[in-house]
Amino acid sequence: MRISFKINGKKVSVDVAPEARLLDIIRDELGLTGTKEGCSKGECGACSVIVDGELVNSCLFPASQAEGRVITTIEGLSLGDKIHPIQKAFIDEGAVQCGFCTPGMVLAAKVLLDKKRNPSEEDIKKALSGNLCRCTGYTKIKNAVKKAAKKR
Amino acid sequence: MKKFIKVSRLAALGRIKEECVFLAGGTDIYVALNDGALACATLCDISPLKTLDGIKLKGKNISVGALTTFASIAKSAVIKKYAACLAEAAQEVGSPQIRNRATIGGNVANGSPSGDSIPALYVLKALIKTNRRSVAVEQFFTGPKRTVLKKNELITEILIPRKKTVSSFMKIGARKALAISKVSAAAALDIRGGIITEASIAFGAVGPTVIRCGKTGEFLTGKKLSGNVIAKASQIAAGEICPIDDCRSSAKYRRECAAVILTRILRNN
Ligand SMILES: Cc1cc2nc3c(=O)[nH]c(=O)nc-3n(C[C@@H](O)[C@@H](O)[C@H](O)COP(=O)(O)OP(=O)(O)OC[C@H]3O[C@@H](n4cnc5c(N)ncnc54)[C@H](O)[C@@H]3O)c2cc1C
Ligand code: FES
Ligand code: FES
């Protein structure tokens, strides 16, 4: 089946197998490999993308349901060569080690900060609770989100 | 995949001959697909049925459409006011990503005894409406992951009587987010002048289906909530459930935890 949607500001139209996952369309059809596949079961959040303003796991998202939606992946955050302030804060705070969880973490932080200007510690923990990191121990990630919130 | 159908009108369902697996938010279905299951199933995507998404006041009931996500339920003012335990349960499902996609209809149809919406629906005395009939929630589940749903029978909405009960939900999992319940509990109490006039208690993940604790409810009725009453009620409840040992927990731990979370819930009221 053919589906059309907007991704990172661009309109695209792709042929998909009816049961295809949005994750595979993003990575394999559109070549946007910033979105990662960790667990394929909704547990790790590495595949997180933003669909119509909400965070979802693209490994569980039926590609067929992407018709007409507005999607943002990690590639959609930077403006040309300029990285997004949340990405900058992650670098400044040393919140990136292997980097596998980072695209999902940054997008989870973006959804939070789009909705709440001054999130509490609890808000941050909750907003990132669907994203696992096996390297950092989370403290630096939390600090990065706080820093990004302050900069706005 | 044998076939993929999308339905955009309820009436179109009746014309489908082959047995389908319905697809709503896909949080259970896609885990199964990613595991290589469902290879020869006919998937029927019901997400275009927009009339099944949303929370409305309907006469003496609250209607929660089958396609309503847990994110919407958790923030609904109507649910918080009249069905607090369901809002609390919705907030405990999975993670933000899961709550944005997982629907209540899918949670009920999946029929897991650890489905977090189900104990809440038990104590709220919900009615499950399908495209063919209405079934009281307690009659809906026949075993672990087994329900009364027949071939191509679709849950359309869940009706919750609009009453002034205080209700609450609590679960114990391995951690705060993304943890299937080891044990969960919901309680709904009618309290008039400090006396409990009706009490409804249910536990999840401690039996083949969610279990209502009738004796505990009877014991609480007519009493005032004191430390002694709460302790005795929790003890009775622990005797009414039938937990097992499995990958997530042991029967012993579940029984002890059941008493502890009921105590915590009742203390908060
Ligand atoms: C990582 C992860 C964490 C989770 N954590 C929790 C948790 O903490 N608590 C919890 O309770 N659940 C949890 N779940 C499961 C929960 O997401 C699902 O049970 C969800 O509610 C199912 O809804 P869905 O719309 O995604 O259903 P789908 O996956 O689309 O469908 C689920 C099942 O229901 C059937 N179905 C769907 N809608 C209908 C309908 N209207 N009528 C008849 N049949 C229908 C489908 O055919 C399928 O068999 C978790 C899942 C994942 C992947
Ligand atoms: S790959 Fe999707 S949540 Fe882990
Ligand atoms: S930086 Fe390695 S998983 Fe988070």
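Residue numbering restarts at 1 for every chain, and letters A, B, ... go by the order of the sequence lines.
When the candidates Arg99(B), Lys176(B), Gln91(B) are compared by the number of heavy-atom contacts under 4.5 Å with chain A, Gln91(B) comes out ahead.
Residue contact with chain B, scored on non-hydrogen atoms closer than 4.5 Å, involves the side chain of Leu132(A) exclusively. Only the side chain of Asp35(B) comes within less than 4.5 Å of a heavy atom of chain A; its backbone N, CA, C and O stay farther away. Heavy atoms of Lys125(A) lying under 4.5 Å from chain B are absent altogether. Using a 4.5 Å cut-off between heavy atoms, Ala108(A) does not touch chain B at all.
In this structure a side-chain-to-backbone donor-acceptor pair under 3.5 Å is missing from Asn34(B) to Lys41(A). Of the possible polar contacts, none joining the Tyr30(B) side chain to the Ser40(A) backbone as a donor-acceptor pair under 3.5 Å is found.
Note that CG of Asn57(A) is 9.5 Å distant from OG1 of Thr27(B), once rounded to the nearest 0.5 Å.
The two residues Leu178(B) and Glu43(A) make their nearest non-hydrogen contact at CD1-O, 3.1 Å. The shortest heavy-atom contact between Gly45(A) and Gln97(B) is CA-NE2, 4.1 Å. Here the closest non-hydrogen pair linking Ser129(A) and Pro96(B) is OG-CD, 3.3 Å. Closest heavy-atom contact between Gly25(B) and Pro62(A): O-CD, 4.3 Å. Closest of all the heavy-atom pairs between Leu55(A) and Asn100(B) is O-ND2, 2.8 Å.
The local environment of NZ in Lys88(A) is sparse, with at most 12 non-hydrogen atoms from other residues, nucleotides or ligands closer than 6.0 Å. In this structure, Lys142(A) places its NZ atom where more than 12 heavy-atom neighbours from other residues, nucleotides or ligands lie under 6.0 Å away. For Lys146(A), the NZ atom counts as densely surrounded, since its 6.0 Å shell holds more than 12 non-hydrogen atoms of other residues, nucleotides or ligands. Atom CG of Asn118(A) has 12 or fewer neighbouring heavy atoms from other residues, nucleotides or ligands inside a 6.0 Å radius. Heavy-atom contacts from other residues, nucleotides or ligands closer than 6.0 Å to CZ of Arg175(B) number more than 12.
Using a 4.5 Å heavy-atom cutoff, the side chains of Ser64(A) and Asp45(B) are in contact.
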Checking side-chain contact (heavy atoms from CB on, under 4.5 Å) for the pair Arg101(B)/Leu60(A): CA distance, chi angles, key distance, verdict?
-> CA-CA 9 Å; Arg101(B) 296 288 303 163; Leu60(A) 301 182; over 6 Å; no
List the steps and the verdict of side-chain contact (heavy atoms from CB on, under 4.5 Å) for Gln65(A) and Leu23(B).
-> CA-CA 10 Å; Gln65(A) 291 185 16; Leu23(B) 168 65; 3.9 Å; yes
